[in-house]
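Please read these numbers as outputs of a predicted model, since none were measured by experiment.
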Amino acid sequence: DQQVKQNSPSLSVQEGRISILNCDYTNSMFDYFLWYKKYPAEGPTFLISISSIKDKNEDGRFTVFLNKSAKHLSLHIVPSQPGDSAVYFCAGSQGGSEKLVFGKGTKLTVNP
Amino acid sequence: ETGVTQTPRHLVMGMTNKKSLKCEQHLGHNAMYWYKQSAKKPLELMFVYNFKEQTENNSVPSRFSPECPNSSHLFLHLHTLQPEDSALYLCASSPSDSLSETQYFGPGTRLLVL
């Protein structure tokens, strides 16, 4: 059973517009969430995280929103840039465990 | 060289072969991880080592055998693998095994089992 779901395998947006990547989770014990970004032939790199005590965390062009009642989080990138084209992975964890549970990823393409 | 490196980057092996994947981190971290990413599946944690001690084995078959001789090196020994073990194997490290520490990933080894 997949505990972290990224239901959109791909997303295409125009440069300068907003990119919204969605992630749903089923494990109500998850209390920490992370987004990773992965370019081809490279390992995932950490992007932004959020604790369940918050509903929003912002870092520059990247904002993560958490809706605990809906078990849903989203990553907003604004404005989107061609260099943001990558696969984005959502991950969750519980109780400070190092065990991250990842989604399948969403491939974002930002068109110039 | 900095960051997390993995060798080889690509590996093709038969089901009767024995091979090893190597991971090295130059970040002074104490925790290291092996992940597996199969096609169309989520990234899966396989093993966690903290200060050279294994702290997590995520129900991985015994044909995968990890080794952590020191905090900078992590190996994954492979023997009698199956074609379904073909995947991208990613190594990661973090300062400790606390989730508050970001994990840094290597580029991965793409493994094909014939």
Path from B:F51 to B:L27 over hydrophobic side-chain contacts below 4.5 Å: no
What are the two closest heavy atoms between B:L45 and A:L100, and how far apart are they? CB-O, 4.5 Å
Of the backbone (N, CA, C, O) and the side chain (C-beta and beyond), which part of B:Q37 lies under 4.5 Å from a heavy atom of chain A, both, or neither? side chain
Are A:F33 and B:Y33 connected into the same hydrophobic cluster when the rule is that any two of I, L, V, M, F, W, Y join if their side-chain heavy atoms are below 4.5 Å apart? no
Is there any residue in residues 105-114 of chain B with a non-hydrogen atom under 4.5 Å from a non-hydrogen atom of chain A, and which ones are they? B:F105, B:G106, B:P107
What parts of residues 79-92 of chain B touch chain A if we use heavy atoms and a cut-off under 4.5 Å? B:L88, B:L90
Should A:L73 and A:F89 be counted in the same cluster of Ile, Leu, Val, Met, Phe, Trp and Tyr side chains packed under 4.5 Å apart? no
Co-membership, hydrophobic cluster, residues B:W34 and B:M32, 4.5 Å side-chain: yes
Of all the residues in residues 44-70 of chain A, which have a heavy atom that comes within less than 4.5 Å of a heavy atom in chain B? A:P44, A:F46
Applying a strict under-4.5 Å side-chain criterion to I, L, V, M, F, W and Y, I'd like to know whether B:F47 and B:L21 cluster together. yes
So which bits of residues 101-109 of chain A come within less than 4.5 Å of chain B, counting non-hydrogen atoms only? A:F102, A:G103, A:K104
